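Worksheet for the structure shown next.
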Amino acid sequence: MDLFVFGSLRDPRLFHLIAGGGGTPTETVLPDYRVERVAGTTVPMLVPAVGELAKGVLWRGLSEAQMERLDAYELPWDYSRGSVVIDGIEAGVYFADLPNVASGELWSLETWEREDGDVSRMAAAEIALHSPPLSGEALR
């Protein structure tokens with residue numbers, strides 16, 4: 001499967017801690033969207049925005065097991081997996097579910113790295129230690 005990531009999963013260390021190895025990343029942009037903070041948090045969300053571009057990474061060739069691990073990480077944060085067409089390819093993407101409301105402020109990978117990166121990677125490493133591994137189904 002192919003997946004477009006636009007927030008903290010753009011960090012390759014975090015992505016690999018969660019998804020494991022495999023897949024091919026390509027930096028790209030998603031037209032007509034922007035990445036904003038969810039109001040009251042440091043969490044990113046995609047917001048439709050005609051004429052704007054959301055920076056991200058398109059991961060190609062992810063396995064079902066990798067997608068289950070990514071679901072286990074994203075779904076508890078009130079995201080659901082949808083799809084977008086990017087670079088002519090249909091790809092999965094995690095959309096923030098209601099009641100998440102965009103703050104109107106752009107989300108920044110650099111700010112996340114400075115303020116939350118280390119803690120997020122430690123939490124992901126802890127989650128990865130679970131045996132059996134957590135799955136999206138187990139968290140629902």
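Each residue takes its place number in the sequence, starting with 1. Note that this is a predicted model, so its numbers are computed, not measured.
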Salt-bridge contact Arg13-Glu113 (side-chain N to carboxylate O under 4.0 Å): yes
A side-chain contact here means heavy atoms from C-beta on lying under 4.5 Å apart; do [X] and [Y] qualify?
{"X": "Pro44", "Y": "Phe6", "result": "yes"}
{"X": "Leu70", "Y": "Leu9", "result": "yes"}
{"X": "Val35", "Y": "Leu46", "result": "yes"}
{"X": "Leu106", "Y": "Arg37", "result": "no"}
{"X": "Tyr79", "Y": "Phe95", "result": "no"}

side-chain contact (heavy atoms from CB on, under 4.5 Å) between Asp71 and Arg81, intermediate numbers included: CA-CA 8 Å; Asp71 282 351; Arg81 193 176 354 141; 2.6 Å; yes
Value rounded to 0.5 Å, distance of CE in Met1 from CG in Leu62: 8.5 Å
Scan the side chains in residues 14-31 for donor-acceptor partners under 3.5 Å anywhere in the protein, sequence neighbours excluded, and list what turns up.
residue : atom : partner : partner atom : Å
His16   : ND1  : Gly20   : O            : 3.3
Thr28   : OG1  : Asp87   : OD1          : 3.3
Thr28   : OG1  : Asp87   : OD2          : 2.8

When you measure from the side chain of [X] to the backbone of [Y], do you find a donor-acceptor pair of N or O atoms at a distance under 3.5 Å?
{"X": "Asp11", "Y": "Gly117", "answer": "no"}
{"X": "Trp107", "Y": "Thr42", "answer": "yes"}
{"X": "Asp32", "Y": "Gly51", "answer": "yes"}

Intermediate values then yes/no, side-chain contact (heavy atoms from CB on, under 4.5 Å), Leu3 and Tyr94: CA-CA 9 Å; Leu3 180 70; Tyr94 291 103; 4.0 Å; yes
Within residues 47-57 or reaching into it, pairs that qualify as salt bridge (Lys or Arg N to Asp or Glu O under 4.0 Å) - sequence neighbours excluded: Arg34-Glu52
Shared hydrophobic cluster for Val85 and Ile89 (ILVMFWY, side-chain gaps under 4.5 Å): no
Hydrophobic cluster identity match, Met45 and Trp77, side-chain contacts under 4.5 Å: yes
Could you report the tightest heavy-atom contact between [X] and [Y], atom names first, then the distance?
{"X": "Val43", "Y": "Thr41", "value": "N-OG1, 3.0 Å"}
{"X": "Ile86", "Y": "Ala91", "value": "CG2-CB, 4.2 Å"}
{"X": "Ser8", "Y": "Trp112", "value": "CB-CE2, 3.4 Å"}

Side-chain H-bond candidate by donor/acceptor type, Glu105 with Ser103, under 3.5 Å: no
